[in-house]
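This report concerns only the one structure given below.
Note that ligands are numbered from 1 as they come in the structure, with each ligand's atoms numbered from 1 the same way. In what follows, every heavy atom counts, from backbone to side chain, and hydrogens, waters and symmetry copies are set aside.
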Amino acid sequence: MKKTIITITGAAGNIAYSLIFRILSGNIFPDTHKIQINLLDLAEALPILKGVKYEIEDCAFPNLENITITDNPELAFMDSNYILLVGAKPRFKGMQRADLLLDNANIFQKHAKIINECVGKDTKIVVVGNPANTNALILQNFAHNLPAENITSLMKLDQNRAKSILANKLDKSVKDISQLVVWGNHSVTQFPDLNHTLVSDSHDLISSLDKNWINDIFIPRVQKRGAEIIEHRGKSSAASAASAIYDHLSILVNGSIEWESMGIIRENNYNICDEIFFSFPLKISTSNIDIINDLDISENSMKYIKDTEKELLVERDIIKDILKN
Ligand code: NAX
């Protein structure tokens with residue numbers, strides 16, 4: 001019977017508390033697969049992880065073969081098939097973005113070097129911990145035994161948010177909406193792009209939308225949705241982030257007929273620097289991730305796309321000394 005090993009870092013944190021149960025109760029893998037789940041967090045979080053482990057056991061998931069809880073990254077990453085890098089330091093009030101970048105860069109550098117020695121060439125890595133795209137760049141830099149195509153960063157939460165906000169506006173189901181992609185960074189500069197979007201296989205409803213609604217309400221609301229959640233909940237998005245990671249993992253395992261958004265590092269036809277992880281419109285099969293490289297991009301859209309690229313280039317410059325090590 002086939003066995004799949006899934007590693008989750010930051011496993012005692014908020015997102016992981018939803019994510020672990022979503023993955024184990026979901027249907028990403030066939031019923032015939034056995035799952036081993038490796039949960040990594042810091043030593044001080046091990047008592048919490050023990051409680052999480054007991055709760056997982058109490059769910060009696062039929063396909064779950066083994067649970068490992070550990071603060072040892074070697075043990076957590078060894079021979080893993082899918083590594084979900086959620087663990088990162090949160091940004092405290094008053095903390096500069098550059099300091100967060102450097103703190104988390106150290107975590108991702110350390111994990112990348114260990115992953116490089118512990119896994120095979122088929123292992124897929126999903127970077128969630130923020131700043132996700134730049135952390136993915138660090139990972140790719142230090143886990144050079146792995147093909148760069150195996151590393152993606154999470155943009156699915158942004159794409160799901162955009163789809164849902166549009167569906168609400170049009171009083172449609174999210175199932176009716178396709179080809180809605182998000183370009184660039186997982187940050188307030190991201191560009192949710194409606195220019196190619198279809199509603200019930202037609203662009204007519206999008207064409208009839210008020211441009212002021214798109215520019216002044218839709219785009220900023222998607223860009224700042226994370227802050228909107230914090231304002232109401234007093235905590236950052238956790239369940240929706242976990243759900244998006246589940247979707248992302250499912251797409252990597254099973255492919256997708258839809259247009260998808262993930263951060264990848266790749267040559268492209270849009271004149272975006274190929275030395276950063278950037279979210280493009282993608283077609284994803286079980287074996288390939290391909291950029292949809294032939295879209296017409298308006299001058300206005302290109303301005304948004306270049307702004308988000310600029311932010312990622314600044315992030316890359318902040319960590320450039322780490323990349324040289
Ligand atoms: P929490 O602070 O609840 O959990 C983070 C966990 O990581 C903690 O348990 C901590 O002990 C652990 N950790 C820290 N350093 C570690 C290390 N070196 N090794 C292993 N574990 C370590 O944060 P949570 O709400 O779960 O969010 C996790 C990360 O996801 C954050 O960086 C957050 O900004 C990011 N997000 C990224 C999203 C995306 O779309 N890319 C969306 C959701 C989320 O905001």
Side-chain angles (χ1 to χ4, degrees), residues 7-20 22 38-52 68-77 83-92 95 97 99-101 103-115 125-139 151-162 182 184-190 192 222-230 233-249 260-264 277-279 312 315:
T7 301
I8 300 177
T9 73
N14 285 313
I15 293 176
Y17 192 64
S18 291
L19 177 63
I20 296 164
R22 190 80 211 281
N38 294 347
L39 304 177
L40 176 75
D41 209 297
L42 301 173
E44 58 263 33
L46 285 178
I48 298 173
L49 273 190
K50 197 166 202 177
V52 173
T68 302
I69 57 169
T70 183
D71 63 344
N72 177 344
E74 280 92 349
L75 188 63
F77 296 139
I83 300 179
L84 311 178
L85 295 172
V86 182
K89 277 196 185 168
R91 187 170 174 182
F92 297 108
M95 188 182 195
R97 189 171 168 82
D99 292 335
L100 178 79
L101 268 158
D103 272 0
N104 282 325
N106 285 327
I107 296 175
F108 282 80
Q109 179 187 21
K110 182 178 156 208
H111 285 174
K113 286 179 175 173
I114 299 168
I115 288 170
I125 319 270
V126 181
V127 181
V128 177
N130 274 322
N133 292 296
T134 299
N135 289 336
L137 181 62
I138 293 167
L139 198 92
I151 302 168
T152 53
S153 54
L154 184 74
M155 293 295 292
K156 189 67 180 168
L157 179 57
D158 307 289
Q159 196 188 15
N160 284 346
R161 285 168 169 168
V182 176
N185 200 2
H186 170 65
S187 76
V188 291
T189 66
Q190 67 179 269
V222 176
Q223 290 171 326
K224 296 179 194 154
R225 185 65 159 185
E228 193 180 349
I229 302 289
I230 293 174
R233 229 172 68 84
K235 294 181 195 160
S236 61
S237 325
S240 55
S243 188
I245 301 166
Y246 176 91
D247 292 345
H248 184 118
L249 181 62
E260 300 297 344
S261 299
M262 291 181 182
I264 63 167
F277 274 76
F278 190 92
S279 180
L312 281 165
E315 289 186 11

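Here Ala88 has heavy atoms under 4.0 Å from ligand 1 in both its backbone and its side chain. When heavy-atom distances to ligand 1 are checked against a 4.0 Å cut-off, His111 comes that close only through its side chain, counted from C-beta outward. Heavy atoms of Ile107 found under 4.0 angstrom from ligand 1 belong exclusively to the side chain. Contacts between Leu154 and ligand 1, counted as non-hydrogen atom pairs separated by less than 4.0 Å, involve both the backbone and the side chain.
The closest side-chain heavy-atom distance from Leu39 to Asp41 is not below 4.5 Å.
No N or O atom of Thr9 sits closer than 3.5 Å to an N or O atom of ligand 1. By the 3.5 Å distance cut-off applied to N or O atoms, Ile15 is counted among the residues near ligand 1. Residue contacts with ligand 1: Val128 is placed with a nitrogen or oxygen under 3.5 Å of a nitrogen or oxygen of the ligand (distance criterion only).
Side-chain atoms of Gln190 never come within 3.5 Å of backbone atoms of Gly184 as a donor-acceptor pair (strictly under, hydrogens ignored). Although no hydrogens or angles enter the test, the distance criterion places no donor-acceptor pair under 3.5 Å between the side chain of Asn135 and the main chain of Val128.
Put simply, atom 30 (O) of ligand 1 has protein non-hydrogen atoms near it, under 4.0 Å away.
Considering only residues two or more places apart in sequence or on other chains, Ile230 meets the side chain to side chain contact (heavy atoms under 4.5 Å, CB included) condition with Ser236.
Closest to atom 17 (C) of ligand 1 among all protein heavy atoms lies Leu42 CD2, 3.5 Å.
Less than 4.0 angstrom separates some heavy atom of Gly87 from each of these atoms of ligand 1: 7 (O).
Atom CG of Leu75 is separated from atom CG of Leu40 by 9.0 Å, given to the nearest 0.5 angstrom.
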